[in-house]
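Please read the structure below before turning to the comments.
Note on naming: letters A, B, ... go to the chains in the order of the sequence lines (proteins, then strands), and numbering restarts at 1 for each one.
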Amino acid sequence: MRMTRYFLPVLREIPSEAQITSHKLMLRAGMIKQAVSGIYSWMPLGLRVLQKIERIVIEEQERAGHIPLLMPTIQPASLWQKSGRYDDYGEEMLRIRDRHNRDLLYGPTNEELITEIFSSHVKSYRDLPLTLFHIQWKFRDEMRPRFGVMRGREFLMKDGYNFDIDMDAAIHSYNRHMVSYLKTYERLGLKAIPMRADTGPIGGKYSHEFLVLADTGESEVFFDKRILNYNFGISELNFDDIDECQSIVDKWTIPYARTDETHDQETFDREVSQEHQGISRAIEVGQIFYFGTKYSEPMGALVTNSEGMHVPVHMGSHGIGVSRLVGAIIEAYHDEKGIKWPIVVAPYKVGIINAVMGDKESCEVSERIYNELNNANLEPIYDDRDERAGSKFNTMELIGIPWRITVGPRGLKKGVVELTNRYNGDRVEVPTGNIVNTMNKMGDCILD
RNA sequence: CGGGGUGUAGCGCAGUCUGGUAGCGCAUCAGUUUUGGGAACUGGAGGUCGUUGGUUCGAAUCCAAUCACCCCGACCA
């Protein structure tokens, strides 16, 4: 992308509405624009990041065997009346009425809708297990939205729902989700710790929240610090292997890790020695639930089991806050100059700075490098604006592009351009020829 | 929803106490000179001072109502 043709409304000054780092940086980097309290437009740069995260989430879901579909944002009130949640959900649910006076709502979650879909098509245990998911905008009319996309009213969420024949099978689905979530967060460059959680309005007995430690987090968490050394790794695993999933879940959930809702100081002291006790603020980036037949019973989601009996399916639901993750990643990856995107979610991978627009050779070499990187799918963004070099450096650092190639007469005299790593500041001079090779050799080392 | 704060140009702010018809920095537009860490000069454009009503000869300024946004709390992916 050429900056002269792009729409990148960066701000030099921090809008007064923002308090926390990620919100300030998202506004300054021109990623979002508030439409009204807790509701944002995603500007081109922000959208690219959002979509990259979405892509990773989808890939990991499909890898775990979960099936994508897409449900609407608007739902009929009647479904929620059937489950009994229409009255329970309260003011957080945005209720709407259409021209025929029918009661609708902007979905805060989709248990009812998915159960309806499931029950009208699945009748036999032979079709189980089944896990369906989608990534869709949700709306929860928070009393007090804040922190930008971290706590908006409208938010993008991946929510998935598993259907199993009995509790044992559903627990495996629960475990499978935990494993795939751990993998997803790790790919995104985040250390997310599963913590025992309250089930809230979703209901049920089993639930874990995934929390990323950050000073600006909304929850206070208590955990065994040794969990921080755990690495999921990228090794292949079989999501259908019940024992393998269970052992991973055990490893991650046996050490003490709880939010303030479920924290118990006595247990904490008994299970974790003083030196290993960790207390921190944290951002919740996902949650998984097993709730059995809470929805399948009232909504009549029955299947025939192997004995020919009609039984309600066992269900769970699972959410990843996709739009919130954008903020969470920035909280984890930034410095005083701006964002430092992990390369897997970076909106562009390489920024090209033409340091002297008046210099003919600089322009030619910049153009050539831009075209080469583009053709190699290395997602370059070329700052071809007629600006001072300093201004371009600052913009590139603010928007967090992982690699920067600086082209200018100083280097070109020696036949080199400067390659700078946003993550650690390392810079090397590289020959102007075959930049694509050089970049490919650099690999994905930004998460290390 | 309780408590507090703020609304003045795209962004950041001053002016409000003490009423006299709006200003600064950045951004923006034109031109010239510049050009490796947010350039300089010259000239220009841009504001129903959140909204409505009131007081007054006169309101950004005083009074009232209202709306919006932000912060602290209680609640949530």
* Nearest heavy-atom neighbours spanning A:P76 and A:L104 -> CA-CD2, 3.9 Å
* Looking at B:C70, does its base get a donor-acceptor pair with the side chain of A:R144 below 3.5 Å? -> no
* Watson-Crick/G-U partner (both atom distances under 3.5 Å) of B:U55 -> none
* Structure fact -> Paired to B:A60 by Watson-Crick or G-U wobble criteria (both distances under 3.5 Å) is none
* Structure fact -> Under a 3.5 Å limit on both distances, the Watson-Crick or wobble mate of B:U32 is B:A40
* Asked: Please give, in whole Å, the distance from B:A39 P to A:D386 CG?
  -> 12 Å
* A:E13 side-chain proximity, nearest of B:G38, B:C76, B:C11 -> B:C11
* Asked: Does a distance-only test, which skips hydrogens and angles, find a donor-acceptor pair under 3.5 Å between the side chain of A:E397 and the base of B:G37?
  -> yes
* **Pair partner, B:U6 [Watson-Crick or wobble, under 3.5 Å]** => B:A68
* Output field: ring centroids A:W341/A:Y333 closer than 6.0 Å -> no
* Asked: In whole angstrom, what separates A:R388's CZ from B:A39's P?
  -> 6 Å
* Could you please spell out the steps behind the salt bridge (Lys or Arg N to Asp or Glu O under 4.0 Å) verdict for A:K337 and A:D335? => CA-CA 5 Å; A:K337 292 173 172 172; A:D335 61 16; over 6 Å; no
* Is there a Watson-Crick or G-U wobble partner for B:C49 with both distances under 3.5 Å, and which nucleotide is it? -> none
* To do: Tell me the partner of B:C1, counting only Watson-Crick (N1-N3 plus N6-O4 or O6-N4) or G-U wobble (N1-O2 and O6-N3) with both under 3.5 Å; none if nothing fits.
  => B:G73
* **Proximity to the side chain of A:E387 - top-ranked nucleotide from B:C69, B:U28, B:C76** => B:U28
* Looking at A:R410, A:K413, A:K414, which one forms a salt bridge (Lys or Arg N to Asp or Glu O under 4.0 Å) with A:E429? -> A:K414
* **Between B:U35 (C1') and A:D383 (CG): distance, integer Å** => 14 Å
* Length of the CG-P vector between A:N354 and B:G36, whole Å -> 12 Å
* Structure fact -> Re B:G12: Watson-Crick or G-U wobble partner, both distances kept under 3.5 Å, found to be B:C24
* **Nucleotide B:C72, atom P - distance to CD of A:Q19 in whole Å** => 7 Å
* **Interatomic distance, A:K24 NZ vs B:C71 C1' [rounded to whole Å]** => 13 Å
* On a plain distance test, is the side chain of A:R28 in donor-acceptor contact with the base of B:G38 below 3.5 Å? -> yes
* To do: Before giving the answer on side-chain contact (heavy atoms from CB on, under 4.5 Å), spell out for A:D159 and A:H134 the whole-Å C-alpha distance, their side-chain angles and the decisive distance to 0.1 Å.
  => CA-CA 6 Å; A:D159 46 323; A:H134 74 341; 2.8 Å; yes
